[in-house]
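Report on the following structure.
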Amino acid sequence: MWFLLNNIPSGRHRDVNALVERFNARHASDVADMGDMPLAVFAPTVISMRRNADGSYVRHSIPLLFHYVFVKGELSRVKKLCSEPNGLSFVLQRSGDASRPATVSDREIQAFSIIARSLAGQLPVILASDVELIDGDEVEVISGPFQGLGGIFHPRRGSNTGSLTVTSGAGLTALVTDIPVDMLKVVRFASGTRRPYDLIDAFTPRLLAALRPYGTGRLLDSSVLAPLVSFTRRLDQASIPNPKLNAKLQLHLLGAWTLLGDIERARRSRVLFEASSHQLTNPQSRALADLITGVIDRDCTRIEQGERLMSMLKPTAMNDILRTEFKFWNQTSQAISYSV
């Protein structure tokens, strides 16, 4: 049962997630003795950007629901939480028995979670660059006064900006200068480069790291969201003729769009991945696919299937990462079904 609580924090209790974690730790023995689950908290936030006087940007979180938070657990345990001097108190029902605490269903919580993830995915500025563009990449401007403009990118050495060559069908060419790379998405990589392989492989650990809070019902903070947003905005429409690599790209896009709460794009990536998943023939790729889809689909059996595939693989840097993640999910499999 999810209870709707007021959260009017004092300076010492501003982080409600940490507050509930400490409460759970103090009462862990009680939970074990009674066979209950620890309290879960859902305090959705969205990301906003504030521009400093020097032109730089700072990210900060804004509560999605003002001073309201949700806590899941037994009523007696939530009452004990609210009895402590932490700024939390029950919101009472507005209809029926006005003395009863207001409750929220799992479906309603899921709706708020989707809204929070979707809004958090709309970061207006990406502070970190995950894609090192090179001369000859075909790009499209995704924000700013030149939004929608496409052309060939020419990076400026030692800078995070570059110029854009725009050529018309009549052979006329225009040059737009000082375009920040964070305002661009890749349409097509320059020919003769292996960077699509490298970029997807470099993104894999970041996606796996983001799956942990998502799969256990916690919101993704801005440091985890930024690489997801950057990857999807830049590679969502990338043209990759290699069928195996394209299948791997769609797998990663499926995971990233799901975590960001974009249901339509996630559905599209799922269709494209499932149509090409037979291209993933080596055990590592198949295990990775089982892990990503197993977590986002709450399918513990699929996660176990992927771990069995890992048993035949030799130790490598990526295999070690995968084994660590499979171990984590096997140890926290109960959280998959319990979380939002």
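Note that the structure is a prediction, hence the values are computed from the model and not measured. Along the sequence shown, residues are numbered consecutively beginning with 1.
- Ala266 and Thr258 make their closest contact through CB-OG1, 3.6 Å (heavy atoms, listed as atom of the first residue, atom of the second, distance).
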Apply side-chain contact (heavy atoms from CB on, under 4.5 Å) to the pair Ile152 and Asp137, showing each step before the final yes or no.
-> CA-CA 6 Å; Ile152 304 301; Asp137 283 336; over 6 Å; no
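- Side chains of Tyr214 and Val224 form no contact here, defined as non-hydrogen atoms less than 4.5 Å apart.
- The side chain to side chain contact (heavy atoms under 4.5 Å, CB included) test applied to Lys79 returns Leu75, Phe90, not counting sequence neighbours.
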Take Glu325 and Arg212 through the salt bridge (charged side-chain N to carboxylate O under 4.0 Å, His left out) test and state the conclusion after the steps.
-> CA-CA 9 Å; Glu325 294 306 306; Arg212 288 195 178 197; 3.0 Å; yes
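- Put simply, the side chain of Phe70 reaches to within 4.5 Å of the side chain of Leu4, judged on heavy atoms.
- In terms of the ring-ring contact (aromatic ring centres under 6.0 Å, His included) criterion, Phe146 has no residue partners (sequence neighbours excluded).
- With Leu251 as the partner, the side-chain contact (heavy atoms from CB on, under 4.5 Å) test is satisfied by one option alone out of Ile292, Ile200, Thr204: Ile292.
- Residues satisfying the salt bridge (Lys or Arg N to Asp or Glu O under 4.0 Å) test with Glu74, not counting sequence neighbours, are none.
- Minimum heavy-atom separation, Leu164 to Gly150: CD2-C, 4.4 Å.
- Evaluation of the side chain to side chain contact (heavy atoms under 4.5 Å, CB included) rule for Ser89 yields Asn6 as partners, not counting sequence neighbours.
- Take Ser159 and apply the side chain to side chain donor-acceptor pair (under 3.5 Å) test, not counting sequence neighbours, and it matches Thr161.
- A distance of 11.0 Å separates CD in Gln250 from CG in Leu280, rounded to the nearest 0.5 Å.
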What's the verdict on salt bridge (charged side-chain N to carboxylate O under 4.0 Å, His left out) for Glu84 and Arg26, showing C-alpha distance, side-chain angles and the deciding distance?
-> CA-CA 12 Å; Glu84 298 183 354; Arg26 291 197 306 273; 2.6 Å; yes
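- Using a distance-only test at 3.5 Å, with no hydrogens or angles considered, a donor-acceptor pair links the side chain of Asn319 to the main chain of Lys314.
- Side-chain N or O atoms of Asn282 include one that pairs as donor or acceptor with a backbone N or O of Gln284 at under 3.5 Å.
- No side-chain heavy atom of Trp329 sits less than 4.5 Å from a side-chain heavy atom of Glu307.
- Between Asn86 and Phe23 the shortest side-chain heavy-atom distance does not fall below 4.5 Å.
- Phe326 meets the ring-ring contact (aromatic ring centres under 6.0 Å, His included) test with no other residue; sequence neighbours excluded.
- Under the side-chain contact (heavy atoms from CB on, under 4.5 Å) rule, Leu309 has a single partner from Leu288, Leu291, Asp290, which is Asp290.
- Here Arg308 pairs with nothing under the salt bridge (Lys or Arg N to Asp or Glu O under 4.0 Å) rule; sequence neighbours left out.
- Between the side chains of Glu304 and Asn330, not a single donor N or O lies within less than 3.5 Å of an accepting N or O.
- Looking at residues two or more places apart in sequence or on another chain, you find a salt bridge (Lys or Arg N to Asp or Glu O under 4.0 Å) between Arg302 and Asp297, Asp299.
- Here the shortest heavy-atom pairing between Ala210 and Leu228 reads CB-CD1, 4.2 Å.
- Checked against side chain to side chain contact (heavy atoms under 4.5 Å, CB included), Pro243 has the following partners two or more places apart in sequence or in another chain: Gln279.
- Counting heavy atoms from C-beta outward, Leu19 and Leu88 have side chains that approach closer than 4.5 Å.
- Ring orientation note: the planes of Phe203 and His252 are tilted relative to one another, at an angle of 30° to 60°.
- Within the 3.5 Å criterion, the main-chain N or O of Leu39 finds no donor-acceptor partner in the side chain of Arg77.
- Put simply, the side chain of Tyr197 does not reach to within 4.5 Å of the side chain of Ile240, judged on heavy atoms.
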Could you walk me through whether Leu322 and Leu208 pass the side-chain contact (heavy atoms from CB on, under 4.5 Å) check?
-> CA-CA 9 Å; Leu322 286 173; Leu208 296 179; 4.0 Å; yes
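- Partners of Asp201 by salt bridge (Lys or Arg N to Asp or Glu O under 4.0 Å), not counting sequence neighbours, listed by chain and number: Lys248.
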Start with the C-alpha gap between Leu272 and Leu254, add the side-chain angles, then the distance that decides, and say whether side-chain contact (heavy atoms from CB on, under 4.5 Å) holds.
-> CA-CA 9 Å; Leu272 293 173; Leu254 166 60; over 6 Å; no
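- What you find for Asp262 and Arg265 is that their closest heavy atoms are OD2-NH1, 2.6 Å.
- Exactly one of Asn7, Val91, Val104 qualifies for a side-chain contact (heavy atoms from CB on, under 4.5 Å) with Tyr68. That residue is Val91.
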Arg323 and Asp320: CA distance, side-chain angles, deciding distance, side-chain contact (heavy atoms from CB on, under 4.5 Å) verdict | CA-CA 5 Å; Arg323 288 192 174 95; Asp320 290 345; 4.1 Å; yes
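- Inter-residue side-chain proximity for Lys244 and Ser276 is flagged as unmet; no heavy-atom pair is nearer than 4.5 Å.
- Here Met183 contributes atom CE and Gln147 contributes atom CD; the two are 10.0 Å apart, rounded to the nearest 0.5 Å.
- Annotation: side chain to side chain donor-acceptor pair (under 3.5 Å) contacts of Ser83 (sequence neighbours excluded): none.
- Inter-residue side-chain proximity for Glu264 and Arg268 is flagged as unmet; no heavy-atom pair is nearer than 4.5 Å.
- Between Phe153 and Ile179, the shortest heavy-atom distance links the atoms CE1-O, 4.1 Å.
- Separating the CZ atom in Arg22 from the CG atom in Leu81 is a distance of 11.0 Å, to the nearest 0.5 Å.
- Of all heavy-atom pairs spanning Gly215 and Val295, the tightest one is CA-CG1, 4.0 Å.
- Here Ser277 pairs with Phe273 under the side chain to side chain contact (heavy atoms under 4.5 Å, CB included) rule; sequence neighbours left out.
- In this structure, CD1 in Ile263 is found 13.0 Å from CH2 in Trp257, a value given to the nearest 0.5 Å.
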